[in-house]
Structures are given as C-alpha cells and as structure tokens.
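Below is one structure, written out as structure tokens, with a few remarks after it.
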Amino acid sequence: MSLRTAARLLSAPLRRVAQPRAAGASRAYAAAAQAALSVLESELDAIRTAGTWKGERVITSRQGPRISVDGSRGDILNFCANNYLGLSSHPEVVKAGIEALQKYGAGLSSVRFICGTQSIHKNLEEKLAQFHEREDCILYASCFDANAGLFEVLLGPDDAVLSDELNHASIIDGIRLCRAKRFRYKHMDLNDLEEKLKESQSSRLRLVVTDGVFSMDGDVAPLQGICDLAEQYGALVFIDECHATGFLGPRGRGTDELLGVMDRVHIVNSTLGKALGGAAGGYTVGPKALIELLRQRSRPYLFSNSLPPPVVGCATRAVELLLASNEIAQSMAAKTMRFRNNMTQAGFTISGTAHPICPVMLGDARLASLMADDMLKLGVYVIGFSYPVVPKGKARIRVQISAAHTDEDIDRAVDAFIQTGRKHGVIS
C-alpha cells in the first residue's frame with residue numbers, strides 16, 4: 001500500500017466528521033447549550049439575591065499585615081490571612097525561595113516517582129518529620145490533596161472511620177473516596193463519639209478523624225478525651241493541623257503538643273500554605289510504613305506534579321526558623337487575647353476560645369458582607385463568611401491575628417469594628 005493510499009484512508013473518517021451537522025441536530029445542540037446556560041445564570045442570581053456572593057478583591061502588594069488593595073488608597077491592615085506567623089514575606093523565607101529557583105529551576109515537569117524528586121524535597125520531608133516528631137513525611141501539592149489521598153489507601157471495606165460532623169470539606173471529600181464504613185459524631189461530643197466507637201467494634205481498623213482546630217470557629221478539638229476513648233476502644237487517631245502547625249503549643253508543634261498528646265496521635269496532615277510560609281503544599285506525617293504505602297498508592301501523590309523548588313525552598317526555611325526558636329510562636333497568645341477581650345468588652349460575640357481565628361458572629365449573610373465592605377473603607381481588610389462556607393444563620397466576619405500585627409494594628413481594627421458595628425446596629 002502506498003503512502004498516498006494510506007493517507008487517503010486515514011483521512012476519510014476525518015472528512016466525514018468535518019461535514020456540517022444536520023439542521024435538526026444543530027438546533028438541538030444549541031438548545032441544550034442554552035438550557036445549561038439558563039441553569040447556571042439562575043444559580044448565580046440566587047447567590048446574589050441571598051447576599052452570599054463571594055467577590056475577589058485584588059491585592060497589589062505582597063502578603064503581610066499591611067497590604068495594598070486595588071481601588072483603595074494607602075496601606076490596608078490585613079486581618080483575614082492565614083499568615084499566622086508573618087512568614088509569607090519574611091526576608092529569609094523569600095531569599096530561600098529565590099535561591100531555590102536559581103539553583104533547582106521553576107519546576108520539575110514530573111511527578112515524584114518518575115523524575116520529580118530532588119534533594120530539597122527529601123530534605124523538607126525530613127525536617128517536617130523532625131518538627132512533628134514522627135517517623136516519616138510525604139509531601140503533596142496541598143493539604144486538600146493529602147486528605148484526598150490518605151483514607152482510601154489506609155481504610156478498606158472491613159474498616160470504619162469516625163469523623164467529627166464539622167470537619168473540613170477536604171476531610172469529608174477524602175473520606176467519601178474510601179470504602180470504609182462511615183460514622184459521623186456530633187461536633188466535639190465525646191459521648192457521641194463513644195457511642196459510635198461501640199457501634200463500630202466489629203471493624204478491622206477504626207480511625208477517629210478530627211480537625212485539630214476547626215477553621216470557621218477557632219475551637220480546639222478535645223484531643224485528650226479523643227485519645228482516651230481511642231485507647232479504650234482500640235482505635236487510631238488522625239488530626240488535620242492546618243490551623244495549628246507552627247504556632248499552637250509551647251514550641252508551635254500544634255494541637256497535639258498544646259494538649260500533651262503528641263505520642264498518642266498516630267497521623268497528622270497539615271499545610272505549608274498557612275503559617276509555614278504561605279505558598280502552597282501539604283503533607284502527611286506518621287509511621288514509616290504508612291508513608292511508604294502512600295508513596296505507592298496515594299493517587300494525588302502519584303498523579304500530581306512535584307512541589308516547585310521555590311515553594312520547597314521557602315517552606316524549608318520557615319520550618320528551620322521554627323526549629324531554631326519558639327519566639328515567634330509564643331508571641332501569638334497575647335495579641336490574640338488583646339483582640340478577643342477588647343471586642344467582647346465592646347459588645348461583640350466572638351466564637352471559639354484562645355485561637356487567633358476570631359469569628360465575629362453576626363448571623364445574617366448580607367450584614368456580614370456589608371460590614372466587611374465598610375471595614376475596608378476604614379482601612380481594615382476582613383471578609384464576611386456565609387453559607388455554604390458556614391451553616392445558614394451562622395454568618396460571621398472571621399478575623400485572624402498574625403504575629404506580625406502590632407498592638408496598634410489590633411486596636412485600630414477594634415475601633416473600626418466598633419464604628420461599623422454601631423452603624424449597622426450590631427452594638428450600641
């Protein structure tokens with residue numbers, strides 16, 4: 001067969017596909033597209049009507065306690081970043097990222113097991129394992145991926161997972177991917193957890209799953225009681241430490257250190273995208289056998305590109321700073337309580353306990369959005385949170401305190417809240 005004949009035979013189906021569709025088919029296709037567009041527009045209109053539309057303000061500066069915002073004049077105080085330790089723009093962290101970019105390049109163009117593992121990836125995993133005092137560590141593109149990749153590897157149909165009802169969406173989605181029997185216990189309710197442990201006693205493995213700190217309310221999981229029950233009923237304990245790593249506990253190791261249960265929690269997932277530099281990335285620390293199994297079977301790890309060298313460089317330096325000193329972590333408590341106490345005295349309801357997440361509870365979604373807009377006009381950047389991020393009727397402005405905030409910054413934010421709260425009738 002000649003090349004010309006082969007080319008003609010191969011191109012024949014393509015020519016047939018390229019022929020115009022029949023008029024009826026074209027009309028049906030257009031009608032289907034229009035119907036889908038109408039559904040989408042209806043959903044968007046409903047969000048706007050409910051006052052839960054989430055706009056995206058544009059920041060024109062680096063992340064920090066003071067930022068520049070498109071459409072606003074002057075420096076704006078930022079009170080809603082996960083930049084708990086102020087390391088996102090720390091000079092040493094930025095320098096380390098630049099050096100990693102120059103030495104190791106912009107990226108790997110590969111997953112880890114093909115040609116995407118550099119010495120800096122292994123070094124960061126070792127330092128994170130050391131930081132958390134666990135045997136081993138595996139890096140992911142995000143903690144969402146770490147949560148998506150854990151449960152289906154660890155748990156099978158003969159196992160059970162017991163999850164707090166207010167766990168983060170990434171935990172919920174990760175659990176949905178596994179075949180284990182699922183039990184949901186009431187939020188931080190040890191009595192209900194014990195009932196679920198009794199119900200699941202026939203399971204091979206049981207894993208109690210909880211956020212260390214619940215990000216919407218800033219409340220801390222009762223890990224001592226959870227570990228007591230897990231030991232009593234022969235279960236394992238997992239915690240997500242995204243809103244604790246780096247600043248909770250005497251050395252900033254997290255909720256398990258704060259509550260004295262580091263040796264009783266078996267698996268920890270956390271993030272590099274908040275206190276540890278704020279760029280991107282997540283990880284799992286735990287028993288070496290588990291980490292090795294995740295490298296073999298965890299789908300987000302196997303099918304996602306390696307973390308870019310600049311991100312690895314920044315995170316590594318952030319961890320090194322925390323391993324060398326706990327001074328930054330210890331500065332958080334006084335600043336957190338200054339804001340909480342002053343806001344409470346002014347008449348606001350602040351959810352949670354002593355965590356730097358300080359939700360100013362308002363209830364109404366539209367009110368939360370309007371107050372946040374008015375706060376920006378006063379030079380303070382905060383965001384209203386409403387359904388579906390939080391339950392209906394639980395709208396709030398979530399304030400987050402950073403070690404980089406000064407006392408003057410905190411007092412200015414409180415004054416802006418008082419002025420805005422009086423305007424909208426929240427306080428008298």
Side-chain angles (χ1 to χ4, degrees), residues 134 143-144 146-244 254-256 258-270 284-287 289-291 293-294 297-300 351-353 388 390-394:
R134 262 58 175 203
C143 191
F144 203 113
N147 286 337
L150 173 69
F151 303 108
E152 68 170 336
V153 173
L154 178 60
L155 303 173
D158 296 327
D159 305 318
V161 57
L162 303 92
S163 177
D164 188 293
E165 65 179 352
L166 293 188
N167 276 336
H168 190 269
S170 61
I171 296 175
I172 295 170
D173 286 356
I175 289 173
R176 286 172 176 163
L177 295 172
C178 80
R179 295 181 294 164
K181 295 180 286 290
R182 304 168 196 169
F183 296 84
R184 187 173 65 174
Y185 64 91
K186 296 175 183 177
H187 181 47
M188 301 200 308
D189 188 326
L190 295 178
N191 291 327
D192 195 41
L193 173 58
E194 183 170 18
E195 288 301 314
K196 300 301 188 293
L197 284 165
K198 291 177 180 178
E199 292 177 32
S200 60
Q201 286 190 92
S202 62
S203 302
R204 182 188 64 165
L205 295 177
R206 285 179 293 171
L207 182 66
V208 180
V209 175
T210 182
D211 278 309
V213 173
F214 293 86
S215 61
M216 288 300 104
D217 290 304
D219 45 2
V220 177
L223 289 185
Q224 292 172 328
I226 289 173
C227 289
D228 288 344
L229 288 173
E231 291 173 4
Q232 180 180 345
Y233 290 94
L236 304 173
V237 177
F238 161 94
I239 57 174
D240 180 311
E241 287 285 84
C242 286
H243 290 275
T255 313
D256 53 350
L258 176 71
L259 299 178
V261 293
M262 287 189 74
D263 59 341
R264 301 170 71 191
V265 172
H266 303 90
I267 307 166
V268 175
N269 277 8
S270 195
T284 298
V285 293
L290 169 65
I291 302 304
L293 186 60
L294 291 173
R297 293 184 178 174
S298 181
R299 292 165 70 87
S351 184
T353 51
V390 297
K392 290 182 178 179
K394 298 288 186 178

Shortest non-hydrogen separation from His266 to Leu236 and the atoms involved: ND1-CA, 3.5 Å
Is a side-chain donor or acceptor of Asp240 paired with a backbone partner of His168 at a separation under 3.5 angstrom? no
Heavy atoms of other groups near Arg179 CZ, more than 12 under 6.0 Å: no
For Val209 and Tyr185, the nearest pair of non-hydrogen atoms, with its separation, is O-OH, 3.8 Å
Could you tell me whether the side chain of Glu165 and the main chain of Lys186 form a donor-acceptor pair under 3.5 Å? no
CG-CG distance between Asp228 and Leu223, expressed to the nearest 0.5 angstrom: 10.5 Å
State, to 0.1 Å, how close Leu294 and Gly149 come at their nearest heavy-atom pair, and which atoms those are. CD2-O, 3.6 Å
Checking side-chain contact (heavy atoms from CB on, under 4.5 Å) for the pair Ile226/Val265: CA distance, chi angles, key distance, verdict? CA-CA 10 Å; Ile226 289 173; Val265 172; over 6 Å; no
NZ/Lys394: more than 12 non-hydrogen atoms of other groups inside 6.0 Å: no
Determine the minimum heavy-atom distance between Leu154 and Arg204, stating which atoms define it. O-NH2, 4.4 Å
Any side-chain to backbone donor/acceptor pair from Asn167 onto Asp211? Under 3.5 Å, distance only. yes
Sub-3.5 Å donor-acceptor pair from the side chain of Ser270 to the main-chain atoms of Glu241, do we have one? yes
What are the two closest non-hydrogen atoms of Met188 and Val220, and how far apart are they? SD-O, 3.3 Å
Between the CG atom in Leu155 and the CD1 atom in Ile175, the distance rounded to the nearest 0.5 Å is 8.5 Å
Going through the checks in order, is the side-chain contact (heavy atoms from CB on, under 4.5 Å) test met by Phe238 and Val161? CA-CA 10 Å; Phe238 161 94; Val161 57; over 6 Å; no
Is a side-chain donor-acceptor pair under 3.5 Å present for Ser203 with Asp159? no
Between Arg206 (side chain only) and Leu162 (backbone N and O only), is there a donor and an acceptor less than 3.5 Å apart? no
Shortest non-hydrogen contact from Ala221 to Leu259? O-CD1, 3.3 Å
Could you check whether atom CZ of Arg184 has more than 12 heavy atoms from other residues, nucleotides or ligands sitting under 6.0 Å from it? no
Can any side-chain N or O of Arg134 pair as donor or acceptor with the backbone N or O of Ile267 at less than 3.5 Å? no
Taking atom OG of Ser163 and atom CG of Leu207, what is their separation to the nearest 0.5 Å? 9.5 Å
Side-chain contact, heavy-atom cut-off 4.5 Å: Arg176 with Arg182? yes
Between Tyr233 and Glu194: side-chain donor-acceptor atoms closer than 3.5 Å: yes
Working for salt bridge (charged side-chain N to carboxylate O under 4.0 Å, His left out), residues Arg264 and Asp256: CA-CA 8 Å; Arg264 301 170 71 191; Asp256 53 350; over 6 Å; no
Between Ser351 and Asp217: side-chain donor-acceptor atoms closer than 3.5 Å: yes
